[in-house]
Amino acid sequence: MKFFIDTANLKDIREAQDLGILDGVTTNPSLMAKQKISGKDRVMQHYKAICDSVDGDVSAEVIATTFHEIIAEGEELAEIDDKIVVKVPMIKDGIKAINYFSEKGIKTNCTLIFSAGQALLAAKAGATYVSPFIGRLDDISVDGIALIEQIALIYRNYSYSTQILAASIRHPMHIIQCAEVGADVMTGPLSVINALFSHPLTDLGLAKFLADHKEAAVK
Ligand code: E4P
């Protein structure tokens with residue numbers, strides 16, 4: 001399973017990249033706003049800085065919601081760098097735009113996916129990635145992981161090449177469960193990726209190994 005980091009924070013992106021396990025980045029307008037990135041030039045420069053900091057795909061979301069505007073904005077974003085994946089919302093004009101981008105060879109990520117039917121439409125339009133938001137489903141007492149499993153079954157049945165990018169990851173168990181049910185990619189914040197490292201028995205075991213080594217060296 002590929003690991004993407006879900007942030008527009010350059011420090012976090014570089015820290016995850018340094019770990020050597022990072023496969024890409026996802027952003028959204030809320031994450032960009034959190035970094036106080038606004039205005040077209042600054043937004044474009046920031047996406048370029050993200051692309052320069054990571055080996056792998058970088059999702060950049062369009063703000064437009066009508067077909068021609070999505071096309072114009074998406075084509076501009078795609079020109080920033082080969083790593084850019086144009087992130088498009090799951091709306092009718094978005095699906096039409098994904099179809100257009102797919103024919104042009106521009107990578108896409110269909111975002112705000114909350115049902116298997118939406119994921120099926122995105123795959124039929126030729127999306128490179130589809131982003132089901134599992135945390136936001138869990139937040140309203142709907143099983144987000146079950147949705148990933150359902151989409152994986154449907155995509156397998158018809159050999160769709162669209163990759164399932166599990167988004168809205170809230171905790172390390174989400175990552176494990178995504179891996180169990182066959183998500184192609186998970187995108188989560190640095191804190192959740194870092195949480196995967198932790199186990200008290202690892203800490204205790206390492207402390208004992210180092211203490212034993214030190215004691216043997218003294219004898
Ligand atoms: C990423 O592609 C999504 O926009 C993001 O994971 C949403 O996460 P949230 O539900 O924590 O805002």
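Remember, it's 1-based here, ligands and their atoms both numbered in the order they're listed. Position 1 is the first residue of the sequence, and the numbers go up from there.
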- Item | Side-chain donor or acceptor of Ser168 paired with backbone N/O of Arg136 under 3.5 Å | yes
- Contact set, ligand 1, heavy-atom distance under 4.0 Å, ordered by chain/number, equals Asp6, Thr26, Asn28, Lys87, Phe133, Arg136, Ala167, Ser168, Arg170
- Query: Can you tell me how far OG of Ser115 sits from CD of Gln150, rounded to the nearest 0.5 angstrom?
  - Reply: 8.5 Å
- Step through the shown structure and confirm whether more than 12 heavy atoms of other residues, nucleotides or ligands are within 6.0 Å of NE2 on His68. no
- Message: Which residues end up grouped with Leu31 if you chain together Ile, Leu, Val, Met, Phe, Trp and Tyr wherever their side-chain heavy atoms are less than 4.5 Å apart?
- Response: none
- Identify the heavy atoms of Asp138 and His174 that sit nearest to each other, and give their distance. OD2-NE2, 2.7 Å
- Per the salt bridge (Lys or Arg N to Asp or Glu O under 4.0 Å) rule, which among Asp82, Asp57, Asp81 passes with Lys107? Asp57
